[in-house]
Amino acid sequence: MGNRLRRRPGYKTRPSVMALAEHLGLLRSRDLEAHGVPRSELNLLRNLGAMREVAPGVWAPSNAWVNATAIAAKRVPQGVLCLKSALWVHGLLPQAPSEVWMAIGERARKPTWTEPPLQLVRFSGRARTEGVEHRRLGPLPIVVYGAAKTVADLFKYRNKLGFPIAVSAIRDTLLSGLSTAEDIWRFAEICRVTKVIRHYLDVLEARRGQDIRLARQAFLARERARARSQEAPLPGHPESAG
């Protein structure tokens, strides 16, 4: 009896490593500690090939889909995905950027690790707290700025990222229906970019109406052509002769 392994208190009610990974998406040591899961269980699953280390101190099931954006969101839980990374999350960029863009508070501690590579910006006041959305990236919960807030941020950082990406973002956001002009204007006021964004917003809103009209006209033209084809007499029918 003296040689029997002693089980930790609560072993019958605590979650398994795999169940915790399924719930949280990615695991860190603090997650194991918070739920009373021994590190030895993680080490056992690693040795069995069921878990893998996707970044220093970050673990995932071996068959899980993981990318740099998800890892960065896990490693900086107080950060908010922004700018290029937010565009990608919203489907406005075809590929994830090579660096993960993340906003942190003015006095927040800057991460010192280099994997995955980060581009950090510091937001304060309403520019940091407004427009935050909670989503899921695959199995992982993430925090990201909404499309309208991201447009305003891109115009604010136009000198660093360039005008083209900001203009493309405002156009695609409006035409895709991800946001309204009113929402973009509200965040432009928060980010103090109303002067620079006003012209683009007015022009694109006018073009948006034109694009909708052109799309409607094209649809009606197709419907009329289809109706004519249905009304035309079949080959060999008396009405088709002469």
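Along the sequence shown, the residues carry numbers beginning at 1. Hydrogens, waters and symmetry mates play no part in the numbers below; they use all other heavy atoms, side chains included. Keep in mind the model is a prediction, meaning the values are calculated, not measured.
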Please check if Leu154 and Ile104 belong to a single hydrophobic cluster, counting links between Ile, Leu, Val, Met, Phe, Trp and Tyr side chain heavy atoms closer than 4.5 Å.
yes
Output yes when a side-chain donor or acceptor of Lys84 lies under 3.5 Å from a complementary backbone atom of Pro97, and no otherwise.
no
For atom CD of Glu53, is the number of surrounding heavy atoms from other residues, nucleotides or ligands below 6.0 Å larger than 12?
yes
Test item: Ser179 side-chain N/O and Ala147 main-chain N/O as donor-acceptor pair under 3.5 Å:
no
Hphob cluster co-occupancy, Val196 + Ile190, side-chain heavy atoms under 4.5 angstrom:
no
Any non-hydrogen side-chain atom of Gln119 less than 4.5 Å from a side-chain atom of Val121?
no
Counting C-beta onward and ignoring hydrogens, is there a side-chain heavy-atom pair between Leu44 and Val17 closer than 4.5 Å?
no
Would you please classify the geometry between the Tyr200 ring and the Phe155 ring as parallel, tilted or perpendicular, with 30° and 60° separating the classes?
tilted
Is the shortest heavy-atom distance from the side chain of Thr173 to the side chain of Thr150 under 4.5 Å?
no
Would you indicate whether the side-chain heavy atoms of Pro61 and Met18 approach each other to under 4.5 Å?
yes
Side chain of Arg122, backbone of Ala108: donor and acceptor closer than 3.5 Å?
yes
Gap separating the CG atom of Leu92 from the OG atom of Ser176, nearest 0.5 angstrom
5.5 Å
Determine whether Arg75 and Ile71 satisfy the following criterion, side chain to side chain contact (heavy atoms under 4.5 Å, CB included), listing intermediate values before the conclusion.
CA-CA 6 Å; Arg75 298 194 75 178; Ile71 295 172; 4.0 Å; yes
For the atom pair CD (Glu189) and CD1 (Ile197), what is the distance rounded to the nearest 0.5 Å?
10.5 Å
Enter the distance from Thr69:OG1 to Ile142:CD1 here, rounded to the nearest 0.5 Å.
8.0 Å
Does the gap between the ring centers of Phe187 and Tyr145 come in under 6.0 Å?
no
Would the distance check show the side chain of Asp202 and the main-chain N or O of His199 forming a donor-acceptor pair, the cut-off being under 3.5 Å?
no
Is any side-chain heavy atom of Asp153 closer than 4.5 Å to a side-chain heavy atom of Cys191?
yes
One should read off an interatomic distance between Leu27 CG and Leu32 CG, to the nearest 0.5 angstrom, of 6.0 Å
Measuring only between side-chain heavy atoms, which start at C-beta, is Val80 closer than 4.5 Å to Lys149?
no
Find out whether Ile165 and Tyr157 are in side-chain contact, i.e. whether some heavy atom of one side chain is under 4.5 Å from a heavy atom of the other.
no
Shortest non-hydrogen contact from Leu137 toward Ala70
CD2-N, 4.0 Å
Taking atom CZ of Arg109 as the centre, does the number of heavy atoms from other residues, nucleotides or ligands within less than 6.0 Å exceed 12?
no
Between Pro141 and Arg135, is there a side-chain heavy-atom distance shorter than 4.5 Å?
no
Among Leu81, Leu83, Leu93, find the residue that satisfies the side-chain contact (heavy atoms from CB on, under 4.5 Å) test when tested with Trp88.
Leu93
Interatomic distance, Arg52 atom CZ to Leu45 atom CG [nearest 0.5 angstrom]
14.0 Å
Using 0.5 Å steps for rounding, measure from the CE atom of Met102 to the OG atom of Ser85.
7.5 Å
Minimum heavy-atom separation for Pro117 and Ser98, please, with both atom names.
CG-O, 3.5 Å
Any idea which heavy atoms bring Pro111 and Leu118 closest together, and the distance?
CG-CD1, 4.2 Å
